[in-house]
Amino acid sequence: MTNKNENKEVEQPEVDCQPNAGEESAEQAAEAAEGAAEEQQPVDPLEQTKAELEKAKNEYLFLLAEFDNFRKRTIRERAELIKNAGEKAMEGILPVVDDFERAIQAGENTDDIAALREGITLIYNKFMKYLESNGVKPIESTGADFNTEYHEAVTTFPAPDESQKGKVIDTVQKGYMINDKVLRHSKVVVGQ
C-alpha cells in the first residue's frame, strides 16, 4: 500500500521572514508624507538668510578669536626669545671671565709682570676666538682707504706723503662686524 500523502505535495503558505514588515512600511510612508509636506511648505527667505548670517557670524567670531590667540602666542614667544637670546652668548663668555679672575688672583700673588702679560694675552686670544666663532670680526682699518660704511672719522691729519691721502692713518677705536653687518664703526684718523 502506498501512502497517498507521500505523493501529494503539501503546500504551505508563504510567510514573510521580516519581523514587523507591516510597521516599517507604515513608518516609511509617514516619513515620505512628512518630507512631501516640508517640500510643500514655502521656506521663508528671510529666516533662511538670518540662519546663514548667524552661521557666518559664528564662523567669523571663531576665526577672530583664533587669530587673536595666534597673535598673543607669537608676541609671547618673541618676548621669550628676546629675553633669552643673550643666554647662549653669556654662557660662552663665562669661561673668559673665569680666566680673568684667575689672572687677577695670580697678579696679586706674583711679581713676574712678563708671566702676567702672557696670561692676559692668552685670555685676549681666547676671547677673540670666541667672538670669531659667533660671527664677530674686527674691521681692519689702518692703512685702508677711508670708507664711511666701516669708518667714522674722528679727525683728519696732514698725510706724510701723497699715497696716504684719503687713507686711514691711525685707528683710535677698533670697529667690529657681525655676520657682514657693522656692529661698531672704527673710529679713525684720516690722512688729508
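Not measured: the values here are computed from a predicted model.
- With sequence neighbours excluded, no residue forms a side-chain contact (heavy atoms from CB on, under 4.5 Å) with Pro45.
- Counted within 6.0 Å of CD on Glu91, heavy atoms from surrounding residues, nucleotides or ligands total 12 or fewer; the atom is thus considered open.
- Note on Glu162 versus Lys165: salt bridge recorded, some NZ/NE/NH1/NH2 to OD/OE distance being below 4.0 Å.
- Leu94 and Val136 sit in two unconnected hydrophobic clusters of ILVMFWY residues. Membership requires side-chain heavy atoms under 4.5 Å apart, directly or through other members.
- Note that CG of Leu131 is 9.0 Å distant from CD1 of Ile178, once rounded to the nearest 0.5 Å.
- Within 6.0 Å of the OH atom in Tyr176, the count of heavy atoms belonging to other residues, nucleotides or ligands exceeds 12.
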Sequence neighbours left out, cut at 3.5 Å: what donor-acceptor pairs do the side chains of residues 106-118 make with other protein atoms?
residue : atom : partner : partner atom : Å
Asn109  : ND2  : Gln105  : O            : 3.3
Thr110  : OG1  : Asp112  : N            : 3.1
Asp112  : OD1  : Ala114  : N            : 3.4

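- Of the possible donor and acceptor atoms, one in the side chain of Asp161 sits under 3.5 Å from a partner among the backbone N and O of Ser163.
- Cluster annotation: Val97 and Met90 are assigned to the same hydrophobic cluster (Ile/Leu/Val/Met/Phe/Trp/Tyr, side-chain heavy-atom contacts under 4.5 Å, transitive).
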*asked:* Working note: Lys55 + Glu59, criterion side-chain contact (heavy atoms from CB on, under 4.5 Å); need CA distance, chi angles, decisive distance, verdict.
replied: CA-CA 6 Å; Lys55 181 181 176 187; Glu59 288 176 0; 3.4 Å; yes
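- Residues Met128 and Val96 share a hydrophobic cluster, clusters being chains of Ile/Leu/Val/Met/Phe/Trp/Tyr side chains in contact below 4.5 Å.
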*Derivation of the side-chain contact (heavy atoms from CB on, under 4.5 Å) call for Leu63 and Phe67*: CA-CA 6 Å; Leu63 288 173; Phe67 177 74; over 6 Å; no
Please tabulate, for side-chain N and O atoms in residues 137-146, each donor-acceptor pair with protein atoms closer than 3.5 Å (sequence neighbours left out).
residue : atom : partner : partner atom : Å
Ser141  : OG   : Thr171  : OG1          : 3.1
Thr142  : OG1  : Thr171  : OG1          : 2.7
Asp145  : OD1  : Lys167  : NZ           : 3.1

Counting only pairs under 3.5 Å, give me each side-chain donor-acceptor contact of residues 179-192, with atom names and distances, residues two or more places apart or in other chains.
residue : atom : partner : partner atom : Å
Arg184  : NE   : Lys174  : O            : 3.2
Arg184  : NH2  : Lys174  : O            : 2.6
His185  : NE2  : Glu149  : O            : 3.3
Ser186  : OG   : Gly175  : N            : 2.9
Gln192  : OE1  : Thr156  : OG1          : 3.4

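- Cluster membership for Leu122 and Phe100, using ILVMFWY side-chain heavy atoms within less than 4.5 angstrom, is not shared.
- Here the CD1 atom belonging to Ile104 is positioned 11.0 Å from the CG atom belonging to Asp99, to the nearest 0.5 angstrom.
- Applying the side chain to side chain donor-acceptor pair (under 3.5 Å) test to every pair with at least one member in residues 71-81, sequence neighbours left out, gives these pairs: Asp68-Arg71, Asp68-Lys72, Glu80-Asn84.
- Evaluation of the side-chain contact (heavy atoms from CB on, under 4.5 Å) rule for Ala103 yields Ile123 as partners, not counting sequence neighbours.
- Summarising the local packing, OH of Tyr150 is surrounded by 12 or fewer heavy atoms from other residues, nucleotides or ligands at distances under 6.0 Å.
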